[in-house]
Amino acid sequence: MYLNKQNAVPVMDKKNAPAAHCASGDCITFQTKDCFGEHIRADADPVRTVPDGEHNLATGPLYVDGAEPGDLLKVDIQRIAIDDQGCQALLPGTGPLGHHVQEEYAKVFPIREGCVVFSDQLRIPVSPMIGVIGTAPAGEGVATVTPGEHGSNMDNRKIQEGATLYLPVNVPGGLLAMGDLHAVMGDGEASTCGLEVSGEITVRVTVIKDSGLPVPFLKTADEYMTIASGETLDQAARGACEKMYAFLEQASELDACGRITLLSLVGHMEICQIVNPLATARMTIPAWVAETCGCRLP
Ligand code: CA
Ligand code: CA
């Protein structure tokens with residue numbers, strides 16, 4: 001199934017009409033616009049002219065038949081394909097370094113042979129990731145710039161091809177939507193954006209019943225990660241830590257002191273981003289440690 005980028009929403013909302021339906025286990029490709037709605041295609045294109053409602057769009061939503069509140073959506077990210085150019089934009093006063101920015105700035109970088117052409121001397125290997133991926137929250141809709149327990153704008157650079165993300169189902173069908181691809185981004189997202197690109201994301205979506213997994217939860221080839229967002233980075237980091245403790249309580253035989261000790265030895269608190277309306281952090285443990293402790297994922 002192919003979901004065209006014209007099917008996109010600026011808000012994760014249970015009121016959004018589904019763009020498509022699928023069955024559990026189906027593979028779907030989401031075509032996505034970059035976070036500027038593809039309005040910045042050259043250095044001279046002004047950032048401020050991106051129309052309201054076209055920032056940070058998420059393609060979807062996808063209604064997964066049989067997904068009911070309390071279930072999880074298991075999203076296997078099978079493939080990410082990106083455009084051959086990406087954009088970086090700066091606005092005065094935004095982000096931790098915005099006070100150094102005197103006037104609006106946009107720069108388009110070519111992407112050639114798997115590298116961002118940063119300058120004549122510097123080629124940066126791409127590491128494509130999904131900035132926004134989430135489901136509809138149970139209550140009021142939440143704009144796609146804001147992350148939360150429903151996922152969305154987490155800007156976790158480890159949400160890449162080959163990873164598996166578990167998201168909550170808060171409303172019937174889950175209403176999965178995604179976008180805001182980055183060709184590459186550093187932890188923290190210091191300028192307020194990654195290298196913003198259009199592209200395509202192919203995922204397999206599976207409904208998981210009766211799992212107490214704390215979500216959003218991410219698995220890569222090497223790591224297990226819990227993710228949390230909060231008003232401050234400190235709250236986000238503590239939230240992610242608490243979720244990993246809860247995961248180990250559910251999934252391992254370790255007692256409370258054992259869980260805390262393990263997290264202190266091999267758990268890493270990492271920054272996803274500090275520039276969105278809520279900050280996002282992850283707690284990461286090596287997959288081999290989790291699996292040696294008996295942890296299994298649904
Ligand atoms: Ca983002
Ligand atoms: Ca972005």
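All ligand and atom numbering here is 1-based and tracks the order in the structure.
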Under 3.0 Å from the Ca ion (ligand 2) - does any N, O or S atom of Asp34 fall there? no
Where the Ca ion (ligand 2) is the centre, what is the NE2-to-OE1 angle for His182 and Glu196, rounded to 10°? 80°
Under a 4.0 Å threshold between the charged nitrogen and the carboxylate oxygen, would [Y] count as salt-bridged to [X]?
| X | Y | result |
| --- | --- | --- |
| Glu200 | Arg79 | yes |
| Arg41 | Asp83 | yes |
| Glu38 | Lys5 | yes |

Would you sort out whether Ile124 and Phe109 count as a side-chain contact (heavy atoms from CB on, under 4.5 Å), showing the intermediate values? CA-CA 11 Å; Ile124 300 171; Phe109 295 89; over 6 Å; no
Metal site the Ca ion (ligand 1): N/O/S of Asn153 inside 3.0 Å: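 It does; at least one qualifying atom falls short of 3.0 Å.
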Looking only at N, O or S atoms in Asp180, which is nearest to the Ca ion (ligand 1)? OD2
